Amino acid sequence: MSAIAPVTVEVGLGERAYDILIGPGLLSGAGQEISRRLPGRRAAVVTDENVAAAQLGTLKAGLETSGIQPAVITLPAGEKTKSFAHLEEVVDGVLAAKLERGDIVIALGGGVIGDLAGFAAGIVRRGMNFVQIPTSLLAQVDSSVGGKTGINSPRGKNLVGVFHQPKLVLADTGVLDTLPIREFRAGYAELAKYGLIDRPAFFAWLEANWQDVFAGGPARAEAIAEACRAKADVVARDEFETGDRALLNLGHTFGHALEAATHYDGARLVHGEGVAIGMALAHRFSARLNLASPDDAGRVEAHLRAVGLPWRMADIPGELPDAEALLTYIAQDKKVSRGALTFILTRGVGQAFIARDVPASEVLGFLAENHPG
């Protein structure tokens with residue numbers, strides 16, 4: 001597998017530019033790649049219990065062969081790990097290993113581990129080198145790229161964090177074969193998001209080829225590379241999310257509110273599922289506001305249903321808070337500016353835009369209409 005040359009996507013940020021390598025077999029060669037680009041450094045590997053069981057041995061062997069004896073910090077799996085308590089655990093582990101500012105924090109895991117380890121790397125010794133080795137589809141196409149790191153607060157998701165760009169991202173497409181199908185579907189929601197933002201041809205390609213993406217092989221690598229190019233383009237234009245980068249939050253305002261409303265219980269809702277429902281709601285809300293055709297909302301919902309993703313609030317197991325409570329979660333979302341509600345809405349498939357000053361009364365009415373209760 002390693003004989004297949006990886007695809008390289010550059011994130012163009014001047015002196016902070018870095019490469020995303022995409023392809024099979026990258027995990028076993030990670031030590032060689034890291035030592036070539038960052039020679040003579042020591043490292044800590046941050047991972048979770050599930051990923052450690054499946055992938056840590058391969059990474060550690062490659063690092064040791066390349067002369068890197070890593071300190072390993074293993075955390076519980078799940079969204080609840082993105083907390084102050086586990087951030088402190090990672091920071092303490094890095095300091096206990098006596099790593100210096102020029103050394104490396106390596107994130108081996110999905111979005112939770114990447115966000116948490118990246119935040120720790122951004123604050124320990126005022127900023128250490130950071131390498132992302134994402135092991136979930138969601139992390140490979142979204143959270144590992146762009147330098148947004150952080151943890152959750154009881155008041156909302158990702159409300160505490162820093163921008164801290166990695167030095168390298170290694171997206172081994174082969175490790176996705178071990179993902180549970182639910183996790184793969186959740187990551188696929190973020191893939192579809194890039195088509196829905198401003199790449200309608202990519203969304204149409206996914207509608208025709210999604211089964212091949214799920215099956216693996218060239219279609220999977222092609223889809224991941226296209227998503228990474230899309231995100232790299234946006235990040236290069238707007239690193240700190242002051243403008244266009246907010247488009248990447250399509251579906252996330254509704255989705256984050258639903259995650260908070262379910263108390264980040266992964267048995268009920270994982271992040272990608274929240275994004276899927278959020279994207280469907282964003283298209284349906286756009287149609288309600290006469291910005292887009294209901295046919296576009298129906299098309300998005302049909303594709304999410306086809307791949308097995310939830311697409312409406314009624315698909316979430318258990319009871320949800322009422323519409324007023326959901327609006328409170330939305331108002332706490334970090335995309336609120338001076339009390340005005342900001343949403344990513346759409347004029348059609350591949351025509352997303354930033355809508356500021358959205359009336360809370362419209363949102364409340366829409367939530368009430370779509371609430372399963």
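Residues take their numbers from the sequence shown, with the count starting at 1. Note that this is a predicted model, so its numbers are computed, not measured.
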*asked:* Determine whether R245 and D233 satisfy the following criterion, salt bridge (Lys or Arg N to Asp or Glu O under 4.0 Å), listing intermediate values before the conclusion.
replied: CA-CA 9 Å; R245 185 166 177 172; D233 287 349; over 6 Å; no
*asked:* Between F202 and Y194, does the ring pair (Phe, Tyr, Trp, His ring centres under 6.0 Å) criterion hold? Intermediate values first, please.
replied: CA-CA 8 Å; F202 181 46; Y194 292 104; 7.7 Å; no
*Check the pair H271 / E259 against side chain to side chain donor-acceptor pair (under 3.5 Å), numbers first and verdict last.*
CA-CA 7 Å; H271 175 66; E259 284 185 89; 2.9 Å; yes
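For the salt bridge (charged side-chain N to carboxylate O under 4.0 Å, His left out) condition, no pair includes a residue of residues 54-78, sequence neighbours left out.
Annotation for E319: atom CD does not count as buried by contact number, only 12 or fewer foreign heavy atoms lying within 6.0 Å. Within 6.0 Å of the CD atom in E88, the count of heavy atoms belonging to other residues, nucleotides or ligands does not exceed 12.
The aromatic rings of H303 and W210 sit perpendicular, their planes meeting at an angle over 60°, well past the 30° parallel limit.
Through chains of ILVMFWY side-chain contacts below 4.5 Å, F240 is grouped with F163.
Ion pairing of E100 with R41 is absent here, as no side-chain N (NZ or NE/NH1/NH2) approaches a carboxylate O to less than 4.0 Å.
Each of F353, F254, F366 was evaluated against F343; a single residue qualifies, F254, per the ring pair (Phe, Tyr, Trp, His ring centres under 6.0 Å) test.
Nearest heavy atom pair, residue M313 against residue L281, reads CG-CD1, 4.3 Å.
Between V169 and V131, the closest side-chain pair of non-hydrogen atoms is not below 4.5 Å. With a 4.5 Å cut-off on side-chain heavy atoms, V45 and I73 do not count as touching.
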Give every donor-acceptor pair under 3.5 Å between a side-chain atom in residues 105-128 and any protein atom, sequence neighbours left out.
residue, atom, partner, partner atom, Å
D115, OD2, K82, NZ, 2.8
R125, NE, L99, O, 2.6
R125, NH2, L99, O, 3.2

